[in-house]
Structures are given as structure tokens and as C-alpha cells.
Amino acid sequence: MSFHLLNLTDPILRSLKKEGYTHPTPIQSQAIPVALKGTDVLGCAQTGTGKTAAFAIPILENLAKTNGNHRTKKIRSLIVTPTRELAIQIDESFKSYGRYTDLKSAVIFGGVGQNSQVKELKRGVDILTATPGRLLDLMNQGYISLSDIEIFVLDEADRMLDMGFIHDVKKLLAALPNNRQTLFFSATMPPDIVKLSKSILRNPVKVEVTPESSTVEAISQGIYYVDKGNKKNLLIDVLQDDGIKSALVFTRTKHGANKVVKLLNDRSINAEAIHGNKSQTARQRALSNFKKNTTRVLVATDIAARGIDVDELQYVINYEIPNIPETYVHRIGRTGRAGSDGTAISFCDAQEKSYWRDIEKLIGIKVPVIDEHDFPLVDHNPPEPEKQQNRSSSKGQKFQYAKKRNGQKSSNRSKSGSRKKRRPNYS
Ligand code: AMP
């Protein structure tokens, strides 16, 4: 299907062409026609599926029809998203897709001074993207009124609840006009999200793509069993491979992220951290250096990494295994985006084995074990029978990665002892 079949107007089609988009992604071809009609949407899709354009394009189309009225200083569409990074990226998308319209978009988020945001609001904004805290703050100060909102988007609803924003969301909902269109997006649909969606949406059409657990199938995955104390040595060893041009390393804590950055910098591996203790400017700078390939390794905590959008991110390294299985899917979803290849490797110590078991259960894939490395787990906790089986099957292999594409399984094995060849082959 081409974008032309979606009945989009010329200014939007031109901007999509400029972005280099030729075909809508599945979430776009499903959601855009529904949203264009003014119907509420319940979207089950995670970042990386093209969901931003799935809501941004119909918003721009529908608002442009009645023309940009920012001169009247009414906010007509509001997008609420949990993190600052995501908010900035969404606003950038509106600016890109809406470049040939008269509509004006702006973004507000906490962690920085409010003055420039207030100034922009005063000049008039049609489409506002916001994180909940700053939005409520500026509403309370009288700088923002939601009474003219025609289209409301709740983005990453599951993350929003995980981050404890439920009360903020409820306050926002109370301030929104009843007569509005709502587009609700969530990567997962646990019962509390279903309940929330029911309380917000009116006769929604459900659109769903790549269920959470199947997104990972396009990504080459591998697991190293390693003692906790040896993770740092293993990381340095893995990063000796010059073939790894960019890697996003996940740690569970901010302190852990800082330690990994120091470790890498001490070994002359260019790395920066991105987490909640860094100022907004420092986070943006680190992200921009990473995108420009000035920084080879970005070390992130889960919340800070949420929504990081780096085209062609090659590697995700789980330095620590997340205790929430869905987090693994969110993490590795940073790579292998929009059809590009990606690799995700994980370092699992004895204490993390149960987390890893839950992850494999969720994704429904037995991730190949990379068992020939210099820092094998010397563990008093014997591996479970199925893991022993898995490990012995790959014995003698430096690497064994399974890749599943278009429903087909293929494995990619290297018998070479060369360290340089530790990376999976993308062919
Ligand atoms: P999102 O899920 O909105 O974070 O988008 C993920 C990535 O896909 C972003 O880098 C977008 O620029 C890109 N993207 C979105 N829609 C398309 C499309 N139709 N064709 C190609 N790339 C796209």
C-alpha cells in the first residue's frame, strides 16, 4: 500500500516523501484511516513500529482542514507521553510531517526552566506535546487551557502507569472537553491498561501490530552466562570488536550506568551515560553525540532510554537483566527498527537466571547461549536441565545466533575461533 491510498493531502504527502517514507508501516495503514474519520483509536504498538506518524499524520490532516488557528492561541491537539526524550521526538515528528502546513507545534517537559516554553505557548500553539508533570504545572499557573482540545493522544500508556503517572493522567482527563477524539497507544495491554482505556475511549477501533513478544524475532539475540564481577571484563572484551560501531548498554541503576561509563572511558572506549540524574541538556547532548556516532557507546537506564530513537542502532547490550520481562522487549526494540538488522546480547549472572527464564517465556524463543568466552560463569547454582541441554548443544561454537524472519527460522553459526568474528553475521 502506498501513502497515496490513504487519502492524504499534498502537504503531508510531500513531507513524507521528504522523510523518505514510501509505504506506511502496518500500524499506520491501520490507524490513519480510522483516525482521519474522527474515530477513537485503541492502538497496541510499541515505539519502533512507526506509531508516532500513525497519530501525527491524521492529527495534522484533520487540524489543517480547519486551518491552523494559532493566532487565536487555542491548543487544539494534546499529546501526553511519559518521558522528555519521547516528547521531544514526537514534537520533531510533528514539525517534520507538518512542515508544509500552517500548523504550529511545541513541546513542554520538566527538568529545564519554563520561560522559553511559556513564551512559545503565548505565541500560540496548535499541537502541544507534553510530559504530565510540566503540563499540570503550567496548567496550574494558568498558561495552558485544555478546553479547546479536539484530539487527545495518550502515548505509551503502559509506561505512564509504570512510572506512577496515573493520578496526573486522571487530572488531565478531568480538564479535557468530553467532546474530543482520543487516540490511545500502549505497547502492552495488561488489565489496568484495558480498564483505563475503557474509561477514556468512546467506541474505539482497536488497531494492533507486532504483538509485544514477536517484535523481537527480527533481532539476533545471544546470552552470555557470566559472574557478576566479570561483567565489566566481558563488556570490554565484546567491545574490542571494531565491527560494533554503536551500542546501547542498559544498566538497572543510574549509579551502575556511571560506573560502566567510567570503566569504558578508562579503557579509551568512547561512552556517555543518559539517565535521570543528568540535566536535560546533558541528556540531549549525549543522545545527539551518539546519533552522530561521536560517542560509540551510550549507557542508559530503562526510563531514560524509553523512546530513544536512533536509526540503525546496531547493538543493544543488556549489562544487567531486567526483572520485568517486558522491559527486555522494550530494550532490544531499540535496535532492528523499521526493518533494519539489529543484535541484542545479554549478560546473565547467577542471581539473574530467574529473570532470564521469565524473559524467554515471554518472548517464546530459546535465546542461543554464547558459551565460549573468557569469563564463563563459575556458579554454585547448577543450571537447570533445559539450559544445560541448550548449552551443550552449542558447545564448541564461538557463536550461535538464531534469527527468525518472516516466520522462517535460520541459524547462523560461526566455527571460527577468531575473536573478531564473534559478532553474528547479518547476511
Ligand atoms: P516510531 O515508532 O514512531 O518511534 O518510529 C520508528 C522509526 O520509524 C522512526 O525513525 C521513524 O522515522 C521511522 N518511520 C516511521 N514511519 C515510517 C515509514 N512509513 N517508513 C519508513 N520509516 C518510518
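Reckoned from all heavy atoms, side chains included, excluding hydrogens, waters and symmetry mates. When a ligand or atom number is given, it counts from 1 through the structure's own listing order. Positions are given from 1 along the sequence.
Ligand 1 lies within reach of His23, whose nearest heavy atom is under 4.0 Å from it.
In terms of modelled atom types and a separation under 3.5 Å, the side chain of Asp168 and the main chain of Met160 share no donor-acceptor contact.
Residue contacts with ligand 1: Gln28 is placed with a nitrogen or oxygen under 3.5 Å of a nitrogen or oxygen of the ligand (distance criterion only).
In the vicinity of Thr52, heavy-atom distances shorter than 4.0 Å reach the ligand 1 atoms 1 (P), 3 (O), 4 (O). Listed by number with element, the atoms of ligand 1 under 4.0 Å from a non-hydrogen atom of Phe3 are 19 (N).
The closest non-hydrogen atom to atom 17 (C) of ligand 1, taken over Tyr97, Phe55, Tyr21, comes from Tyr21.
Under a 4.0 Å N-O distance rule, the pair Arg331/Glu320 does not qualify as a salt bridge. Between Lys228 and Glu352 there is no salt bridge, since no side-chain N of the basic residue sits under 4.0 Å from a carboxylate O of the acidic one.
Applying the salt bridge (Lys or Arg N to Asp or Glu O under 4.0 Å) rule to pairs touching residues 253-262 yields Lys262-Asp266, sequence neighbours excluded.
Residues passing the side chain to side chain contact (heavy atoms under 4.5 Å, CB included) test with Asn258 are Ala273, His275, Lys278, sequence neighbours excluded.
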